[in-house]
Amino acid sequence: MTETGKDWHEEEKRIEQVLNELDQKLHSLKSKTGWLKEDIIDLRKNFWDDVTLNLADVNEAIETFSSIKQQAEVLSERERSHQQFYSQLKRLLKVKDSPYFGRVDFLEEGEQKAEAVYIGLSSLMDEKEERFLIYDWRAPISSLFYNHGRGPAQYDVPGETIAGAIELKRQFLIKNGKLKSMFNTDMAIGDKLLLEVLGQQANVQMKSIVATIQKEQNQIIRNETSRFLVVQGAAGSGKTSAALQRAAYLLYRGRGQIESNQMLLFSPNLLFNSYVANVLPELGEENIQQTTFQEYLQLHLGKDVSCENPFDQLEFCLTAPENEDYKSRMHAIAYKAGLAFKNFIDEYVRYLAEGHLLFKNIVFRGKRIVTSGQIQDYFRSLGASGSLSHRIELTAKWLLHLLRKQEKRERKKEWALEKSNLLDQEEYLRVYKQLQEERQFTEDTFDDYEREQALLAKIIVEREFRPLKMAVKALGFIDFKGTYLQLFSDWNAGEVRPDHWEGICAYTKKSFCTNRFPYEDATPYLYLKNQIKGGMKNTAIRHLFIDEAQDYSPFQLAFLKTLFPSSKMTILGDLNQAILAHSVHGKDLLSEDVFETEKTETIRLIRSYRSTREIVEFTKPLIKGGDEIEPFNRSGVKPVLTISADPAEHHERIAARIAALQHEGHESIAVICKTVQECKEAFSCLKAHTELKLIDKETRSFQKDVVVIPVYLAKGIEFDAVIIYDGSKTQYWRERERTLFYTACTRAMHELHLFALGEKSPFLDDVPERLYTMKRE
């Protein structure tokens with residue numbers, strides 16, 4: 001037997017031993033979970049049989065309560081144990097399919113023999129619980145596999161660094177408990193395994209990458225020191241995957257100190273939430289909280305107003321240059337995205353504190369009982385020495401006092417007496433029961449008609465005033481919308497104003513005629529509201545992940561920092577994929593004016609793994625600095641550009657290409673369009689030729705299929721093949737659309753096909769013709 005054959009045989013034998021160990025543990029756990037399940041069912045069935053019920057006196061009642069509490073605690077303890085055993089069972093079943101993926105033989109300094117360290121998704125100990133058969137990929141010693149090749153190596157444990165040397169580094173591909181491939185490598189992660197993984201078909205959900213984590217990705221995952229970790233990575237460089245593995249790592253390292261519900265991921269859209277939903281459960285962790293920034297804004301704006309979707313804003317920017325308000329809005333979007341506007345609001349808040357806050361009339365049954373002028377007079381009477389939020393609190397207390405006085409007056413008015421006489425029987429009985437509970441009279445005094453009417457009127461008026469009191473407690477008497485619009489008046493007439501200020505003011509006032517806020521105003525509005533009210537901070541979140549950070553404005557990032565003051569942040573993005581109107585521009589994702597330099601660490605990922613070398617080489621010239629991107633050495637076919645003059649031929653060629661891609665075995669195919677309107681047009685024209693699905697901003701998930709999707713919803717997702725619906729000059733020609741075009745092209749894993757109806761996009765002039773195949777139909 002050759003040396004290689006001998007190694008293979010030994011590794012197969014070890015896998016068999018590990019699987020036997022797993023089977024024993026699984027058998028034991030199944031027995032425990034089965035016994036506990038039966039015990040829990042029995043406890044639930046006979047819960048009250050084992051409880052002594054006696055409420056004859058106080059002592060007996062206390063004993064009864066103690067008996068119930070004891071029985072409930074027993075049941076709760078059994079249920080907790082069952083859940084723990086069941087979780088272990090699920091974990092071991094996953095391990096059984098592919099027990100481990102890596103091995104390093106590490107000779108620690110001072111030792112005579114190297115230890116063979118096997119690394120997998122989860123730890124596994126031998127029968128006596130004395131020796132690790134498998135180390136969890138997040139364990140300190142496992143970092144040897146990701147960070148080092150053969151030779152000197154070290155890893156950190158709490159309080160010290162363990163040094164030594166790696167004598168052997170080996171990678172495995174194990175499926176269904178069988179060894180499929182194995183190879184030794186001197187590198188951090190061998191290209192053989194990466195080629196096999198990356199060559200697979202795209203999935204409807206993001207894959208776990210723990211077996212192929214690269215050294216630079218491992219730096220992201222295991223960073224525990226930085227308050228703000230910024231990851232600037234090329235398309236397909238594994239930013240999001242690394243971030244999710246980072247969440248799993250932090251949960252593992254902080255077991256008992258941090259829970260999954262103390263982490264929050266801001267994702268780019270609802271579709272993306274579904275796409276990444278399975279990564280953490282695959283790693284044996286519960287999903288962290290996920291939301292979009294749009295959903296978060298809407299939650300805090302409340303039900304009374306709605307906020308424009310950022311994609312609707314983008315649609316306006318792309319499709320409405322002829323609109324009379326277009327220039328003014330573009331100026332407004334640009335200005336309201338910056339920190340200068342945030343500073344402008346801070347200055348405005350100081351002006352408001354001098355007594356210029358706007359208030360609403362308080363109206364009851366159609367009549368003003370406290371005018372906005374009266375509220376403002378009282379607010380100003382408090383002086384300017386205290387904090388703004390404290391004076392608002394005092395004003396609220398004063399208003400509640402006025403409402404209580406008014407409430408007493410309303411009890412004697414005719415409307416209250418009339419309403420008490422109009423109560424239906426069910427409501428009357430409810431009120432009567434409430435009166436009895438309040439013990440204001442006994443049943444034999446209920447014949448006192450006047451007393452009865454007075455008490456009924458009191459309850460009715462209290463009920464009518466309750467929403468008004470709650471609104472005052474929630475500071476509903478402040479005219480936040482009017483106060484925000486006052487910002488765009490002449491309150492600072494003597495100060496320097498930004499360029500195009502008059503147009504910005506005019507457009508802002510016009511756009512606020514409805515209860516739908518423009519997207520560019522939502523964050524500044526909430527920031528102003530928060531500065532006035534105080535509070536609105538989430539201290540429960542310990543770690544915040546912001547994906548596609550290049551599509552956040554500096555103002556939005558600064559706002560998030562104030563909302564989550566106790567949180568560390570992982571900020572992920574690619575400036576070359578900035579597509580929203582207010583997107584961050586410049587060399588870096590973050591400004592030192594937002595995040596303190598000394599608390600920030602930046603990691604750059606320049607190697608792209610998603611696409612074939614041919615696709616990456618094609619997309620690199622499309623963007624500034626693209627020459628820095630390193631393609632992974634996975635070969636494929638060159639991108640193809642097909643130019644048509646006739647719309648009918650254009651759609652026939654696209655349909656034929658879809659059919660050919662399906663015949664080749666590609667299961668996930670995206671027809672990517674620039675706008676929603678273009679998506680609808682493409683869907684309408686192509687559905688007669690082939691079966692496909694239309695994706696819009698309300699779509700929350702999709703299956704492997706042919707989809708028509710706008711480019712901004714395809715962000716962060718990958719497909720086997722991508723078809724650019726119309727890469728012509730009529731669609732992509734403005735310089736600000738370059739990143740849209742680049743983003744669309746970089747969604748492709750294996751094949752990229754561009755179709756142009758008419759002259760090709762000028763962006764393609766930057767791509768050497770040798771990098772793609774041209775077809776004219």
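Everything quoted here is computed from the prediction, not taken from an experiment. Just so you know, these numbers use all the heavy atoms, side chains as well, and skip hydrogens, waters and symmetry mates.
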Between Asp574 and Gln550, do the side chains contain a donor N or O and an acceptor N or O under 3.5 Å apart? no
Using modelled atom types only, decide if a donor and an acceptor are shared between the side chain of Asp705 and the backbone of Val707 within a distance under 3.5 Å. no
Separation between NE2 (His666) and CD (Glu751), nearest 0.5 Å, reads 4.0 Å
Just checking Glu16: does its CD atom have more than 12 heavy atoms from other residues, nucleotides or ligands closer to it than 6.0 angstrom? no
Student check: side-chain heavy atoms of Arg738 and Lys624 closer than 4.5 Å: no
Show the numbers, then the answer: is there a side-chain contact (heavy atoms from CB on, under 4.5 Å) between Leu271 and Tyr275? CA-CA 6 Å; Leu271 196 62; Tyr275 183 62; over 6 Å; no
Validation row: Gln289, Met263 side chains within 4.5 angstrom (heavy atoms): no
Give a yes or no on whether the backbone of Asp156 and the side-chain of Thr161 come within a donor-acceptor separation of less than 3.5 Å. no
Output, in order, the C-alpha distance, side-chain angles, deciding distance and verdict of side-chain contact (heavy atoms from CB on, under 4.5 Å) for Tyr146 and Arg222. CA-CA 11 Å; Tyr146 297 114; Arg222 293 176 184 262; 4.0 Å; yes
Taking salt bridge (Lys or Arg N to Asp or Glu O under 4.0 Å) as the cut-off, I'd like each qualifying pair that reaches into residues 265-279, sequence neighbours left out, listed once. none
Applying side-chain hydrogen bond (donor to acceptor under 3.5 Å, both in side chains) to Asp23 and not counting sequence neighbours gives Lys96
side-chain hydrogen bond (donor to acceptor under 3.5 Å, both in side chains) filter on Glu285, not counting sequence neighbours, yields Arg138, Arg255
Please list, chain by chain and in numerical order, all residues satisfying side chain to side chain contact (heavy atoms under 4.5 Å, CB included) with Ala153, sequence neighbours excluded. Phe106, Leu144, His148, Ile166
Among all residues two or more places apart in sequence or in another chain, which pass the ring pair (Phe, Tyr, Trp, His ring centres under 6.0 Å) test with Phe559? none
Take atom CD of Glu286 as the centre, draw a 6.0 Å sphere, and report whether it contains more than 12 heavy atoms from other residues, nucleotides or ligands. no
Just how far is it from atom OG1 of Thr600 to atom CZ of Phe595, taken to the nearest 0.5 Å? 7.5 Å
Answer whether the closest heavy-atom distance between the side chains of Ile724 and His753 falls below 4.5 Å. no
Across all chains, not counting sequence neighbours, the side chain to side chain contact (heavy atoms under 4.5 Å, CB included) partners of Ser566 are Thr539
side-chain hydrogen bond (donor to acceptor under 3.5 Å, both in side chains) partners of Arg542, counting only residues at least two apart: none
Name all residues meeting the side chain to side chain contact (heavy atoms under 4.5 Å, CB included) criterion together with Pro158; count only those two or more places apart in sequence or in a different chain, and write none if there are none. none
Within the structure provided, determine whether Phe228 and Glu596 are in side-chain contact (heavy-atom separation under 4.5 Å). yes
How close do Thr739 and Thr743 get, heavy atom to heavy atom, and via which atoms? O-OG1, 2.7 Å
Where do Ser260 and Leu251 land on the side-chain contact (heavy atoms from CB on, under 4.5 Å) test, with the steps shown first? CA-CA 7 Å; Ser260 58; Leu251 288 169; 4.3 Å; yes
Tell me every residue that passes side-chain hydrogen bond (donor to acceptor under 3.5 Å, both in side chains) with Ser226, counting only those two or more places apart in sequence or in another chain. Asn223, Glu601
For the pair Ser237 (side chain) and Arg607 (backbone), establish whether a donor and an acceptor sit closer than 3.5 Å, ignoring hydrogens and angles. no
I want to check something: taking the side chain as every heavy atom from C-beta on, are Pro99 and Ile134 in contact at a cut-off of under 4.5 Å? yes
Would you say Asn287's side chain and Pro281's backbone share a donor-acceptor pair under 3.5 angstrom? no
Taking the basic N atoms (NZ, or NE/NH1/NH2) and the acidic carboxylate oxygens, is any pair closer than 4.0 Å for Lys715 and Glu548? yes
With a 3.5 Å distance limit and no angle check, can you tell me whether Ser608 reaches the backbone of Ala235 through a side-chain donor-acceptor pair? yes
With His750, which of Arg634, Glu614, Glu664 fulfils side chain to side chain donor-acceptor pair (under 3.5 Å)? Arg634
Residues in side chain to side chain contact (heavy atoms under 4.5 Å, CB included) contact with Glu10, at least two apart in sequence or another chain: Lys6, Asp7
What pairs with Lys568 under salt bridge (charged side-chain N to carboxylate O under 4.0 Å, His left out), at least two apart in sequence or on another chain? none
Check the side chains of Asp720 and Ser668 for a donor-acceptor pair under 3.5 angstrom, ignoring hydrogens and angles. no
Short side-chain donor-acceptor distance under 3.5 Å, Asp547 and Ser267: no
Partner set under ring pair (Phe, Tyr, Trp, His ring centres under 6.0 Å) for Phe545, not counting sequence neighbours: His543
